[in-house]
Amino acid sequence: MILVTGGAGFIGSNFVLDWLAAADEPVINLDALTYAGNLENLASLQGNPRHVFVHGDIGDFALVAGLLAQHQPRAIVNFAAESHVDRSIHGPEDFVQTNIVGTFRLLEAVRAYWSGLDAADKAAFRFLHVSTDEVYGSLGKDDPPFSETNPYEPNSPYSASKAASDHLVRAYHHTYGIPVLTTNCSNNYGPYHFPEKLIPLVIHNALAGKPLPIYGDGQQVRDWLYVKDHCSAIRRVLEGGRPGETYNIGGWNEKPNLDVVHTLCTILDQLSPRVDGQPYREQITYVTDRPGHDRRYAIDAGKIERELGWKPAETFETGIRKTVQWYLDNQAWVSNVTSGAYREWVGKQYGEQK
Ligand code: NAD
Ligand code: TYD
């Protein structure tokens with residue numbers, strides 16, 4: 001079996017759902033259920049014996065050590081993190097605690113477990129750490145996209161804490177020999193995305209008749225990766241990645257924020273027009289820029305394609321249309337998140353282990 005951390009969050013829950021749809025191998029899902037963890041994302045797994053949810057913190061050494069001893073996973077995929085840049089600006093402490101201290105304690109539990117395995121299991125074991133392109137800093141307009149050899153130049157408390165965790169993961173490979181893999185991906189989008197991030201926030205606000213906030217001039221560029229493509233890339237790296245290596249994962253979809261918002265408005269105009277017949281673009285509002293806002297991220301995903309034969313299946317145009325449709329079809333999920341009702345979703349409904 002495998003252990004997934006942060007599997008009740010946006011990417012983690014997509015990964016667990018995809019994994020169990022594609023393979024028989026069971027998943028232990030360890031998640032602290034912070035504001036970003038939502039067990040409703042996993043409602044379709046209720047009663048599925050191949051999914052065991054454990055409510056807990058990656059920084060709880062005793063808990064993680066006990067889980068590893070009990071379940072003997074062959075691999076760990078570490079999604080658990082504080083993930084929102086704006087929150088890291090308002091309160092960096094949780095980011096240091098989970099992303100740095102939490103990853104360190106998780107690695108310590110893994111080191112103790114892995115050291116006790118026999119030679120064959122040691123060699124087969126994998127610790128896959130999910131990181132971000134934001135660790136590389138900000139690109140100029142004409143700079144080449146980030147490759148795996150770019151220096152780390154993180155600019156926000158979020159990216160600095162992720163960079164620190166990447167360094168710890170790297171050190172546990174070089175110092176102790178643990179077979180680790182690190183992936184650095186671009187901005188994900190798709191189902192179950194918490195509506196504090198740009199794409200789900202704009203869809204939600206548009207439908208609610210609220211302003212669509214554009215930070216600064218809206219010309220900041222991000223690369224967009226459909227979450228299910230990200231999940232397939234992680235599966236591929238887990239299967240074929242070389243221990244100690246890092247792999248950049250991107251969608252080959254660089255877009256200025258304003259273009260993304262215009263695209264969302266156009267699709268919504270077609271799929272769910274405003275009752276007054278006016279275009280959703282009317283709701284766009286320019287607001288004060290984010291402090292230290294990185295201007296451009298772009299990913300060169302050539303290594304994973306050359307070495308592991310992976311490339312994204314979705315273009316931005318196909319992925320964004322599916323995403324808007326998903327939000328239109330799942331408005332109850334969105335309103336449970338925005339009202340806070342999702343916090344009451346009790347894990348024991350489908351077999352939480354404390
Ligand atoms: P998310 O915020 O939606 O989910 C994070 C999950 O981790 C939540 O379920 C939360 O409850 C859990 N968690 C937080 N602290 C924990 C702790 N101490 N112990 C156990 N669980 C804890 O994040 P996401 O967008 O799904 O991102 C997943 C990973 O991918 C993160 O490591 C993030 O840095 C990385 N990443 C995300 C993006 C993106 O676009 N969303 C891009 C690049 C990298
Ligand atoms: P976000 O989804 O927070 O991801 P990240 O900061 O990790 O890239 O933001 C994506 C881009 O959209 C980023 O440049 C900030 C911008 N943005 C807005 O312009 N308005 C918003 O309301 C939000 C949430 C983000």
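Order of listing sets the numbers, starting from 1, for every ligand and every atom in it. We're numbering straight along the sequence, starting at 1. We use all heavy atoms of the structure for the numbers below, so side chains are in, but hydrogens, waters and symmetry mates are not.
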What is the nearest protein non-hydrogen atom to atom 19 (N) of ligand 1, stated with its residue, atom name and distance? Ile58 N, 3.0 Å

Atoms of ligand 1, numbered as shown, that sit under 4.0 Å from any heavy atom of Ala80: 7 (O), 20 (C), 21 (N), 22 (C)

Tell me: protein heavy atom nearest atom 30 (O) of ligand 1, and distance? Val130 CG1, 3.5 Å

With heavy atoms only and a cut-off of under 4.0 Å, state how Leu33 meets ligand 1: side chain, backbone, both or neither. backbone

Is it the case that over 12 heavy atoms from other parts of the model lie below 6.0 angstrom from the NZ atom of Lys210? no

Hey, which atoms in ligand 1 end up nearer than 4.0 Å to a heavy atom of Thr132? 43 (C), 44 (C)

Does the N or O separation between Asn188 and ligand 1 drop below 3.5 Å for any pair? yes

Has Asn29 got a side-chain atom pairing as donor or acceptor with Val52's backbone, closer than 3.5 angstrom? no

To which protein heavy atom is atom 41 (N) of ligand 1 closest, and what is the distance rounded to 0.1 Å? Ile11 CD1, 3.7 Å

What distance do Asp294 atom CG and Asn155 atom CG have between them, rounded to the nearest 0.5 Å? 4.5 Å

Looking only at protein heavy atoms, what sits closest to atom 25 (O) of ligand 1 is Phe10 CD2, 3.6 Å

What do you reckon, does Ser186 put a non-hydrogen atom under 4.0 Å from ligand 1? yes

Close-contact set for ligand 1 against Cys185 heavy atoms, below 4.0 Å: 42 (C), 43 (C), 44 (C)

Ring geometry between Phe316 and Trp224 (parallel below 30°, tilted from 30 to 60°, perpendicular above 60°): tilted

Would you say Asn187 touches ligand 1, if touching means a heavy atom closer than 4.0 Å? yes

Who gets closest to atom 16 (C) of ligand 1 by heavy atom: Ser13, Ala8, Ala32? Ala32

Taking only heavy atoms of Thr34, which atoms of ligand 1 are found under 4.0 Å from at least one of them? 10 (C), 11 (O), 14 (C), 15 (N)

Within a reach of under 6.0 Å around CD of Gln270, are more than 12 heavy atoms found that belong to other residues, nucleotides or ligands? yes

Using a 4.0 Å cut-off to any heavy atom of Gly9, which atoms of ligand 1 qualify? 3 (O), 4 (O), 6 (C), 8 (C), 9 (O)

For Lys197, is the NZ atom crowded, meaning more than 12 foreign heavy atoms sit under 6.0 Å from it? yes

Around ligand 2, what residues show up once you keep those with a heavy atom under 4.0 Å from it? His84, Val85, Glu134, Asn187, Glu196, Lys197, Leu198, Leu201, Pro213, Ile214, Tyr215, Gln220, Arg222, Asn257, Arg290, His293

Can you sort out the partners of Tyr136 under ring pair (Phe, Tyr, Trp, His ring centres under 6.0 Å), two or more places apart, ordered by chain and number? Phe146, Tyr152

Among Ile284, Val261, Leu201, the one residue meeting side chain to side chain contact (heavy atoms under 4.5 Å, CB included) with Pro213: Leu201

Is the number of heavy atoms from other residues, nucleotides or ligands within 6.0 Å of CZ (Arg170) greater than 12? no

Taking Lys255 first and then Glu317, would you say they form a salt bridge - that is, a charged N and a carboxylate O separated by under 4.0 Å? yes

Apply the test salt bridge (Lys or Arg N to Asp or Glu O under 4.0 Å) to residues Arg236 and Asp229: give CA-CA distance (whole Å), side-chain angles for both, the deciding distance (0.1 Å), then the verdict. CA-CA 11 Å; Arg236 188 69 201 101; Asp229 278 333; over 6 Å; no

Non-hydrogen atoms of Asp94 and Glu82 that approach each other most closely: O-CG, 3.7 Å

Of all protein heavy atoms, the one nearest atom 11 (O) of ligand 1 is Asp31 OD1, 2.6 Å

Nearest protein heavy-atom contact for atom 29 (C) of ligand 1: which residue, which atom, what distance? Phe79 O, 3.3 Å

Of all protein heavy atoms, the one nearest atom 2 (O) of ligand 1 is Ser83 OG, 2.7 Å

The protein heavy atom nearest to atom 44 (C) of ligand 1 is Ser131 O, 3.2 Å

Below 4.0 Å, non-hydrogen atoms only: which portion of Lys162 touches ligand 1? Side chain, backbone, both or neither. side chain

Give the minimum heavy-atom separation between Arg281 and Cys265, together with the two atoms involved. N-SG, 3.7 Å

Within a strict 4.5 Å, meaning less than it, do heavy atoms of the Glu25 and Trp19 side chains meet? yes

Inspect the contact between Arg296 and Asp142 and indicate whether a charged nitrogen and a carboxylate oxygen are less than 4.0 angstrom apart. no

Nearest heavy-atom contact between Pro195 and Thr338 is CG-CG2, 4.1 Å

We want to know whether Asn336 and Glu40 form a side-chain donor-acceptor pair, criterion being a heavy-atom distance below 3.5 angstrom. yes

Using a 4.0 Å cut-off to any heavy atom of Gly56, which atoms of ligand 1 qualify? 19 (N), 20 (C)

What are the atoms of ligand 1, with element, lying closer than 4.0 Å to any heavy atom of Thr98? 15 (N), 16 (C), 18 (N)

Which of the atoms in ligand 1, numbered in the order shown and given with their element, are less than 4.0 Å from a heavy-atom of Asp57? 17 (C), 18 (N), 19 (N)

Got an N/O contact under 3.5 Å between Tyr158 and ligand 1? yes

